[in-house]
Amino acid sequence: MKKIYIPVMAAMLATPLNSVANAEELLKTNTALEEVVVQPVGTGEEVIEVEGSVEEWLEDAIEEGPAEEVIQEGYENLGPMIFKSSAISSKIAANDKGEYFIYYIMHGAPAALVIVDYKTKETIHTFTLEDSKSAWGLDVDENGKLWVGGSVSSVLYSYDPNTEVFENHGAIFSNKSDTSIQDLIVSGHKLYAGSAYGGSLVAFDTETKKIEEFGQIRKRKEFVKAIVADEKKDEIYVSIGSSMDLLVKKPGTKNFTSFLPAKYMSEKYAQDLVLTDEYVIARLHPSNIAVVFDRKTLKIVDEFELSSKTVSTLSPDGKSLYYTKAQQLIRYDFETKAHTELGLYLPKGTEAINLDFILKETKKTEDEQTDLVSLFEKIFSEKSLKEIQSQATSTDNKVNVEAPIIEEQLTTETIFEEPKEWLLSGMVDNLGQLFEYNPQTGEIQYYQFDLPEQPVELYTLASSEDGKKIFANGYMSGGLGVYDVATGKKELYRNISQIESMFDINNKLYIGAYPLARVLVYDRSLPWETVNPKEVIRMSEFGQERTTAVAPFNQGKEIIFGTLPDASVGGGALAFYDTVNEKMEIYENYIYNQSIVSLVSRGTQIFGGTSIHANQQVNPRGARLFYFNRSNPENKTYIQLPFDSSMITSLLVDSNNKVWGMADGKLFVYTDEFTDVRTVELLPLISGRFRNAQIIDSNDGYIYGSVEGKLFKVRKDNLEVEWLKDKGVYGLVKDVDGNLYYYEGSNLWKYTIEKNRK
């Protein structure tokens, strides 16, 4: 947008006609072009209807083609089970011509970058992100180039809308713990990126491609969740967690210093930061609060509640920011600290996930240009103009460069700008639906796009009671895929979120769904519809975050659930669901400050295993193996294992009534309190909080299992170990014939045990 300076216009009016070319050159050199800059916004997180890990070498994939897969004997790739169009984050920005594009990150295995032309609303490109399953960090540099931070391998990607070139810049963190880029921000030619789970920060030079590593910002902090930076002022602000801290690196300093007020120390993190010339705004999680800090003093100047995942950057008029609360669009005025409800509502059940401004240039009409000339005629009388022309022009019609009259008459540099027209737009759900708000007219519009479905990484597997069906759930995006063992046919049921645990008995699938630790029951004899699966309870009401264990008792007349607690709560809960009268019996804080992650029943006894990970903390006491009689759950007995462990992740009772379990990288078998526990070490080290291993009983004399993605079998009699596959095996279950099923990425795999091979 052009800025027209009065001294320049006056010079044009004072210039003779045969010297207009000189005046035009003067205008060109003194006319400032106002740049369009869209600041970073927040990211989407997991919600019930998805909604809290990848872009790869696209050129290699195109030029070289995928590597030929070598499949070992007995293994069969059954392909993806779940497809979904799930937009987890987005951004709207312009190229150097002022043409706007919508950039969507589609969750999947792998993820994808989808580019939509904002004007035509048509998809123009889809790029596969082979190294990532999601991407949260998105920002655009001053040249309009999009930068994307991937997950799994902390890969950085870029897309230039001016040249339509997509690039993979490789992993930008050297620490292997830094697997996911949580946020990134571009300021000048520096890109700052923060990671999970090493909690590190790097600076990437977008011109030289050099990387500067700051390392882990704070010890024992796994996340650098949000970043804002000002390269000109040499300031960097970061949000780390969990628990939360807010840090700033000021000019000339090497270290980050905290400015987090004590009252917010119980928060997990600030999921987004926004920077203006005067303020830093932090959007806290899990509380729905935005805190406004004075940038100079770092003192709180205001705070307010909101529902949107983020707040907008400073509006183009320099006065306000926007956010949503209870689905309504609200404007916040920095000067008055007033919140104005605009009376405009987003679709039911949605809130803004990101918020971006779109600037439009308004060209002047001939009438407007005439009005501008009239304005100058009023400022400069005809007599004054004649004097200016007389003094500014010599007899040979050359401009007198010493003429100072114009500048002396104008003591201030008044600027006449073309009127600004701008829009506020943002994504409101994981379908990629956008709203568009025009503050000039007060109108709001909605746009829905047909975004491409991506194969979804699998997360939880289960087999039906008769072993004829395999159930598969998708990570984050949810969905329930059903594989028919006999026919190979697949069915996909949508409208269900991520599942932490599930068990099928009596033709009903009992589900522990995330978030809110919901317990669902799917009656497989009835159609899949709105009321089937049926929600029984939300264990979040008892401070629980995930339902991590499920097992039947008394032939399915009761179903037992174990949970992982959220922050600031005791231990996980133990719950019994009576399938006859549909009543819940709940024992809170069953194992102090530990999670219940595995359950199995043996007669009237119920055995359980815990994880030391609970409440975003680590319990210094090791994981517990316990059992109790159903008639008295509170009278539990602890079984002393001959080793320490952090989690007991899988339990089963074999055909000889022995209890087998996986504790970290060790397999153990328990008979009774009078018999020694037998153990065998499979791996010395493990990862995760509650899902690193599964074991399966087999009728061929072996226990089959997977740990850290490795497939093994162990002879029941002498605990002799045989490794079958060294990677890519997760979520082990078996079918009616005893063959094994597992997943790797989005694909379901079948392993036919040796005795069943022809």
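Below, each value reflects all heavy atoms present in this structure, side chains not excepted, and no hydrogens, waters or symmetry copies.
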By side-chain contact (heavy atoms from CB on, under 4.5 Å) - contacts of [X] (at least two apart):
| X | result |
| --- | --- |
| Thr350 | Leu346, Pro347, Val428, Asp429 |
| Ala193 | Ile172, Phe173, Ile181, Leu184, Leu191, Val202 |
| Asp160 | Lys145, Asn162, Thr163 |
| Ala109 | Glu457, Ser746 |

Taking only residues at least two apart or on different chains, which pairs with a member in residues 201-215 satisfy salt bridge (charged side-chain N to carboxylate O under 4.0 Å, His left out)?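 Residue pairs passing salt bridge (charged side-chain N to carboxylate O under 4.0 Å, His left out), neighbours aside: none found.
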
Does anything in residues 92-111 form a salt bridge (charged side-chain N to carboxylate O under 4.0 Å, His left out)? List the pairs, not counting sequence neighbours.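 For residues 92-111: none.
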
For the residue pair [X] and [Y], what are the closest heavy atoms and their distance?
| X | Y | value |
| --- | --- | --- |
| Asn692 | Ser687 | CB-O, 3.4 Å |
| Ala282 | Leu246 | CB-CD1, 4.1 Å |
| Gly98 | Tyr100 | O-CD1, 3.4 Å |
| Gly432 | Tyr104 | O-OH, 2.6 Å |
| Val597 | Ser611 | CG1-CB, 3.8 Å |

For Tyr459, does the six-membered ring have the charged nitrogen or CZ of Arg691 within the cation-pi criterion, i.e. under 6.0 angstrom from the centroid and within 45° of the normal? yes

If you draw the axis of the six-membered ring of Tyr269, does the NZ or CZ of Lys225 fall within 45° of it and under 6.0 Å from the ring centre?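 Yes, a cation-pi geometry holds between Lys225 and Tyr269.
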
Apply the test ring pair (Phe, Tyr, Trp, His ring centres under 6.0 Å) to residues Phe127 and Phe166: give CA-CA distance (whole Å), side-chain angles for both, the deciding distance (0.1 Å), then the verdict. CA-CA 8 Å; Phe127 296 104; Phe166 173 84; 4.7 Å; yes

Can you name the residues that form a ring pair (Phe, Tyr, Trp, His ring centres under 6.0 Å) with [X], not counting sequence neighbours?
| X | result |
| --- | --- |
| Phe293 | Phe259 |
| Phe304 | Tyr323, Tyr332, His339 |
| Phe204 | Trp147, His169 |

Can you list every ring-ring contact (aromatic ring centres under 6.0 Å, His included) pair that touches residues 208-231, not counting sequence neighbours?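 Qualifying pairs: Tyr197-Phe223.
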
Considering only NZ, NE, NH1 and NH2 on the basic side and carboxylate oxygens on the acidic side, decide whether Glu235 and Lys249 come within less than 4.0 Å.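 No.
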
The criterion is salt bridge (Lys or Arg N to Asp or Glu O under 4.0 Å); which residues satisfy it with Glu545, sequence neighbours excluded? Lys268

Considering residues at least two apart in sequence or located in another chain, which fulfil the salt bridge (Lys or Arg N to Asp or Glu O under 4.0 Å) criterion with Asp230?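 Result, salt bridge (Lys or Arg N to Asp or Glu O under 4.0 Å) vs Asp230: Arg295.
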
At what distance, to the nearest 0.5 angstrom, does CD1 of Ile102 lie from CD1 of Ile115? 11.5 Å

